[in-house]
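Below is one structure, written out as structure tokens, with a few remarks after it.
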2 protein chains.
Amino acid sequence: MSEKTSGSTLIYEGQRIEECCLLLEGYACRNKIASNGGRQIVSFHIPGDILDLQHLLFDRADHNVQTISPAKLAFLPLTALRSLIDANPAIGRALWRDSLVDASIFREWVLNVGRRGAKERIAHMLCEFVARVESAGIASPTAFTLPMTQVEIADATGLTSVHVNRMLRSLSEEGAITRDGGKITITGWEQLKQTADFSPDYLHIAA
Amino acid sequence: MSEKTSGSTLIYEGQRIEECCLLLEGYACRNKIASNGGRQIVSFHIPGDILDLQHLLFDRADHNVQTISPAKLAFLPLTALRSLIDANPAIGRALWRDSLVDASIFREWVLNVGRRGAKERIAHMLCEFVARVESAGIASPTAFTLPMTQVEIADATGLTSVHVNRMLRSLSEEGAITRDGGKITITGWEQLKQTADFSPDYLHIAA
DNA sequence: CGCTGGCTTGAGTAAATTCAACACACGTGG
DNA sequence: CCACGTGTGTTGAATTTACTCAAGCCAGCG
């Protein structure tokens with residue numbers, strides 16, 4: 001078990017990997033950097049998530065993994081995990097399914113960044129995050145303050161933080177969210193879902 | 001085995017799935033539709049690709065699958081595929097790896113659509129496609145005319161077809177590509193890679 | 001106390017979209 | 001056979017969206 005401060009980089013792109021990170025407490029993200037300097041967050045992670053399952057079958061990381069809050073992590077040696085899976089195929093299937101859910105979320109993100117306007121895009125990202133937090137039993141959508149900064153929201157949605165700020169104000173004026181000292185809470189869940197074009201099917205949550 | 005015309009929809013979002021599609025000849029894409037009517041292509045597929053591996057573990061499709069050229073397909077019943085994997089774990093691992101490569105490509109697409117300008121974005125998409133075609137042994141990058149239309153390029157890059165047209169002209173003026181009656185060939189591979197910010201690591205091609 | 005990181009706001013600019021038209025190839029039906 | 005519609009590509013002009021640049025605020029912290 002290991003404690004990390006907010007903003008710690010756990011895995012660098014190109015790094016050779018020997019163990020898998022399990023997020024126990026706190027929040028994290030995966031991101032890639034373009035050569036023009038732009039950072040794109042490709043996923044957020046919540047307690048219980050495995051952050052780099054792909055390293056069971058890839059030996060090098062193709063993206064970075066960073067905490068976005070203070071966090072606690074467990075590191076599982078890949079060799080141990082591999083023999084666990086060999087001995088118990090059901091675990092392998094469950095983990096495979098996990099990585100397929102990951103992929104489904106990436107597809108939705110491509111849609112989100114590619115074909116939705118700025119406000120819808122941000123709203124969708126918020127909806128997805130709280131839907132996952134709720135499904136993990138961590139909190140209810142309406143009683144939860146989101147852990148990410150406006151810069152992180154910008155990097156996740158392919159926008160600038162300035163524009164995110166303006167859109168958040170607009171969402172808050174419409175009553176979908178409430179802001180207090182930079183902390184975002186969702187106070188108009190139905191409305192947020194509607195402006196977001198959010199439907200949770202792609203999360204494949206049902207048992 | 002089954003033949004399809006260009007533009008056939010093989011799988012609809014929400015559909016219940018009993019078999020897996022293997023693309024034998026021709027090209028296909030996976031896409032999602034936003035409620036504002038926008039279509040986002042989330043991946044292109046080449047001969048040899050399995051188009052919906054995720055249905056081994058999901059019972060409903062979360063996106064559409066369509067041909068973008070005349071195509072030949074084989075359909076594998078999921079039950080048969082599952083018992084094949086149970087009997088032969090190495091096949092399962094190979095397929096799992098396949099789905100992880102898929103996911104890695106989705107991540108790169110999120111970056112592409114989120115953080116690159118229009119021209120780089122298109123160039124990157126073209127680079128990826130020919131890199132995959134080459135790695136599959138179908139053709140060499142420079143001697144291959146791309147199978148997709150400008151509308152499809154637009155839907156894959158999150159742009160409009162009008163803007164794609166202008167950027168293609170610009171790429172062709174720079175000598176990176178050559179166009180002839182709507183057919184695109186890559187005639188400046190090194191230059192295209194450079195404007196694209198393309199590095200093939202994320203394709204995890206190495207054996 | 002002075003930094004730093006995060007948030008906010010305004011004004012000007014750049015990028016990509018929208019709207020509108022037209023050209024061309026193709027296939028279909030009269 | 002030709003007429004017609006459709007899909008694809010092309011181009012220009014006006015518009016919108018989001019970005020850039022710049023400044024300033026506030027809270028937390030060394």
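Residue numbers start from 1 in every chain, and the chains themselves are labelled A, B, ... in the order their sequence lines are given, proteins ahead of strands.
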Study note, to complete from the structure: Letter by letter from the 5' end, nucleotides 25-30 of chain D scores (B base, S sugar-phosphate only, - none; protein heavy atoms under 4.0 Å) ------

Revision key, fill the gap. Between its two end axes (five pairs each) the helix from C/dC1-D/dG30 to C/dG30-D/dC1 turns, nearest 10 degrees, through 30°

Point to revise | Strand-adjacent residues in residues 115-127 of chain A, judged by heavy atoms under 4.0 Å from DNA chain C | key: none

List for me each residue that meets side-chain hydrogen bond (donor to acceptor under 3.5 Å, both in side chains) alongside [X], sequence neighbours excluded, and say none if there are none.
{"X": "B/Ser69", "answer": "none"}
{"X": "A/Tyr27", "answer": "none"}
{"X": "B/Ser43", "answer": "B/Arg30, B/His45"}

[X] vs [Y] side-chain heavy atoms within contact, under 4.5 Å:
{"X": "A/Phe75", "Y": "A/Ser2", "answer": "yes"}
{"X": "A/Ile91", "Y": "A/Trp96", "answer": "no"}
{"X": "B/Glu19", "Y": "B/Leu81", "answer": "no"}

Just how far, in rounded Å, is [atom2] of [N] from [atom1] of [X]?
{"X": "B/Lys183", "N": "C/dC24", "atom1": "NZ", "atom2": "C1'", "result": "14 Å"}
{"X": "B/His163", "N": "C/dA15", "atom1": "NE2", "atom2": "P", "result": "9 Å"}
{"X": "B/Met167", "N": "D/dG9", "atom1": "CE", "atom2": "P", "result": "16 Å"}
{"X": "A/Ile184", "N": "C/dT8", "atom1": "CD1", "atom2": "P", "result": "9 Å"}
{"X": "A/Asp155", "N": "C/dC7", "atom1": "CG", "atom2": "P", "result": "12 Å"}
{"X": "B/Leu168", "N": "D/dG9", "atom1": "CG", "atom2": "P", "result": "9 Å"}
{"X": "A/Ile177", "N": "C/dC7", "atom1": "CD1", "atom2": "C1'", "result": "13 Å"}

Donor-acceptor pair, [X] side chain versus [Y] backbone, under 3.5 Å?
{"X": "B/Ser104", "Y": "B/Leu100", "answer": "no"}
{"X": "A/Glu152", "Y": "A/Thr149", "answer": "yes"}
{"X": "B/Ser161", "Y": "B/Ala154", "answer": "no"}

Study note, to complete from the structure: Contacts satisfying side-chain hydrogen bond (donor to acceptor under 3.5 Å, both in side chains) that involve residues 106-116 of chain B (not counting sequence neighbours) are A/Lys32-B/Glu108, A/Asp62-B/Arg107, A/His63-B/Arg107, A/Asp155-B/Arg115, B/Glu108-B/Arg116, B/Glu108-B/His124, B/Trp109-B/Glu128, B/Asn112-B/Arg116, B/Arg116-B/His124, B/Arg116-B/Asp197

Review point. Does a side-chain N or O from B/Gln150 land closer than 4.0 Å to OP1 or OP2 of D/dG7, or not?
Key: no

Practice item. Using only side-chain N and O atoms of A/Thr160, determine if any of them is under 4.0 Å from OP1 or OP2 of D/dC19. Key: yes

Give me the distances for all protein-to-nucleotides 11-14 of chain D N/O pairs that come in under 3.5 Å?
| from | atom 1 | to | atom 2 | distance (Å) |
| --- | --- | --- | --- | --- |
| D/dT11 | OP2 | B/Arg169 | NE | 3.0 |
| D/dG12 | N7 | B/Arg166 | NH1 | 3.2 |
| D/dA13 | N6 | B/Arg166 | NH2 | 3.1 |

Please list every donor-acceptor pair under 3.5 Å in which a side-chain atom of residues 177-194 of chain B meets a protein atom from a residue at least two apart or in another chain.
| from | atom 1 | to | atom 2 | distance (Å) |
| --- | --- | --- | --- | --- |
| B/Thr178 | OG1 | B/Thr187 | OG1 | 2.7 |
| B/Gln191 | NE2 | B/Glu174 | O | 3.1 |

Review point. Checking all strands, does A/Gly158 fall into the base, sugar-phosphate, or nothing category for heavy-atom contacts under 4.0 angstrom?
Key: sugar-phosphate

Practice item. Would you give the length of the straight line joining atom CG of A/Leu51 to atom CG of A/Leu73, rounded to the nearest 0.5 angstrom? Key: 6.5 Å

**Study point:** Interatomic spacing from CZ in B/Phe58 to CG in B/Leu78 - rounded to 0.5 Å
**Key:** 12.5 Å

Per-pair distances, 0.1 Å, donor-acceptor, side chain in residues 9-18 of chain B, under 3.5 Å, sequence neighbours excluded:
| from | atom 1 | to | atom 2 | distance (Å) |
| --- | --- | --- | --- | --- |
| B/Thr9 | OG1 | B/Gln66 | NE2 | 3.1 |
| B/Gln15 | OE1 | B/Tyr12 | N | 2.7 |
| B/Arg16 | NH1 | B/Asp59 | OD2 | 3.3 |

Practice item. Over all heavy atoms of both residues, which pair between A/Val113 and B/Val110 is shortest? Give the atoms and the distance, please. Key: CG2-CG1, 4.4 Å

Review point. Does anything in residues 35-45 of chain A reach DNA chain D, meaning a heavy atom under 4.0 Å, and if so which residues?
Key: none

For a quick test of your reading: what N or O donor-acceptor pairs under 3.5 Å do the side chains of residues 165-173 of chain A make, sequence neighbours left out?
| from | atom 1 | to | atom 2 | distance (Å) |
| --- | --- | --- | --- | --- |
| A/Asn165 | ND2 | A/Gln150 | OE1 | 3.0 |
| A/Ser170 | OG | A/Lys119 | NZ | 2.9 |

